[in-house]
Amino acid sequence: MIIKSAEFITSALDVSTCPASDLPEFAIIGRSNVGKSSLLNLLVGRKALARVSGTPGHTQMINLFLINERWTLVDLPGYGYAEAAKKIRQTFQPMISGYVTQRPSLARVFVLIDSRHTPQAIDLEFVQWLMSESVPMALVFTKADKVTPTKVQTNIGLFQQRMSEWCTEPPRVFITSAVKGVGRGELLSFIGSALPER
Ligand code: GDP
């Protein structure tokens, strides 16, 4: 897919204020510092996207961008537990849980995971929760240039092993490096193949 246009649509505080849309939405989420802004830049090659997404205030909002006038790229805030729910049960911030469970046009959530680390509880729990809510998702292991390919594969394998404890259909996995430009083609063709014919 060639990126011909990328325009900022709006920032929303919750799913109820996201503009109604018939276009498929692809959302990107991950913990802070996982490389989300760098991946947004890599994908659409527009510095302005990351600028909006990195502006104080906007980092805690749902940022929507119209790509090629055909699909929407959604930058979600980093996840953590809702304060009161920490010990009771897994509940992620209402803004995130509301968006991923109630947005009719949501086509896929890409969960970013730092490929340098062994599986982290919060990432595993977020992925498990998404699956329990039947949210369509894929995993994106970022910063692959920072460790050896073997280490990346080991960490992905460990993550998949943990997931196999509760998941029968493992999600699609992508490996990216914003520095080396790795993974851009795969991600864009995956998105492209999910778009309706024109
Ligand atoms: P965000 O907080 O998730 O938006 O993460 P950023 O995109 O701001 O990245 C956090 C830090 O990781 C920055 O210093 C980036 O330069 C660095 N970074 C992001 N992606 C990559 C990558 O693919 N390779 C390397 N080597 N560094 C990366």
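Please read these numbers as outputs of a predicted model, since none were measured by experiment. Each ligand, and each atom within it, is numbered from 1 in the order the structure gives. All heavy atoms count here, side chains included; hydrogens, waters and symmetry mates do not.
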Backbone or side-chain N or O of Ser37 under 3.5 Å from ligand 1 N or O: yes
Which residue and heavy atom of the protein sit nearest atom 12 (O) of ligand 1, plus the separation: Lys143 NZ, 3.1 Å
Atom 2 (O) of ligand 1 protein-contacted (non-hydrogen atom, under 4.0 angstrom): yes
With Phe26, the side chain to side chain contact (heavy atoms under 4.5 Å, CB included) member among Val74, Leu195, Leu43: Leu195
Asn63 side chain to Ser11 backbone, donor-acceptor under 3.5 Å: no
Heavy atom of protein closer than 4.0 angstrom to atom 26 (N) of ligand 1: yes
Side-chain heavy-atom pair Leu188, Ile3 within 4.5 angstrom cut-off: yes
Leu106 to Pro136 - nearest heavy-atom pair and separation: O-CG, 4.5 Å
Identity and distance of the protein heavy atom lying nearest atom 16 (O) of ligand 1: Ser38 OG, 4.5 Å
Residue pair Cys18 / Ile62, side-chain heavy-atom distance below 4.5 Å: yes
Minimum side-chain heavy-atom gap Thr176-Val182 below 4.5 Å: no
For Ala178, the ligand 1 atoms whose distance to one of its heavy atoms is below 4.0 Å: 20 (N), 22 (C), 23 (O)
Any Thr142 heavy atom less than 4.0 Å from ligand 1: no
For atom 13 (C) of ligand 1, closest protein heavy-atom neighbour: Asn33 OD1, 4.7 Å
Contact with ligand 1 for Gly30, non-hydrogen, under 4.0 angstrom: no
Polar proximity ligand 1 side, Ala144 side, N/O cut 3.5 Å exclusive: no
Residue part near ligand 1, for Lys36, under 4.0 Å between non-hydrogen atoms: both
Contact atoms of ligand 1, heavy-atom distance to Lys146 under 4.0 Å: 25 (C), 26 (N), 27 (N)
Where ligand 1 meets Gly35 - atom numbers and elements under 4.0 angstrom, heavy-atom basis: 1 (P), 3 (O), 5 (O), 6 (P), 7 (O), 9 (O), 19 (C)
Asp145, portion touching ligand 1 at heavy-atom distance under 4.0 Å: side chain
Non-hydrogen protein atom less than 4.0 angstrom from atom 22 (C) of ligand 1: yes
CZ (Arg162) with more than 12 external heavy atoms under 6.0 Å: no
Ring centroid separation Phe141 to Phe174 under 6.0 Å: no
Those atoms of ligand 1 less than 4.0 Å from some heavy atom in Ser177: 23 (O)
Residue pair Phe126 / Val111, side-chain heavy-atom distance below 4.5 Å: yes
Aromatic ring pairing Phe8/Phe65, orientation class (parallel under 30°, perpendicular over 60°, tilted between): tilted
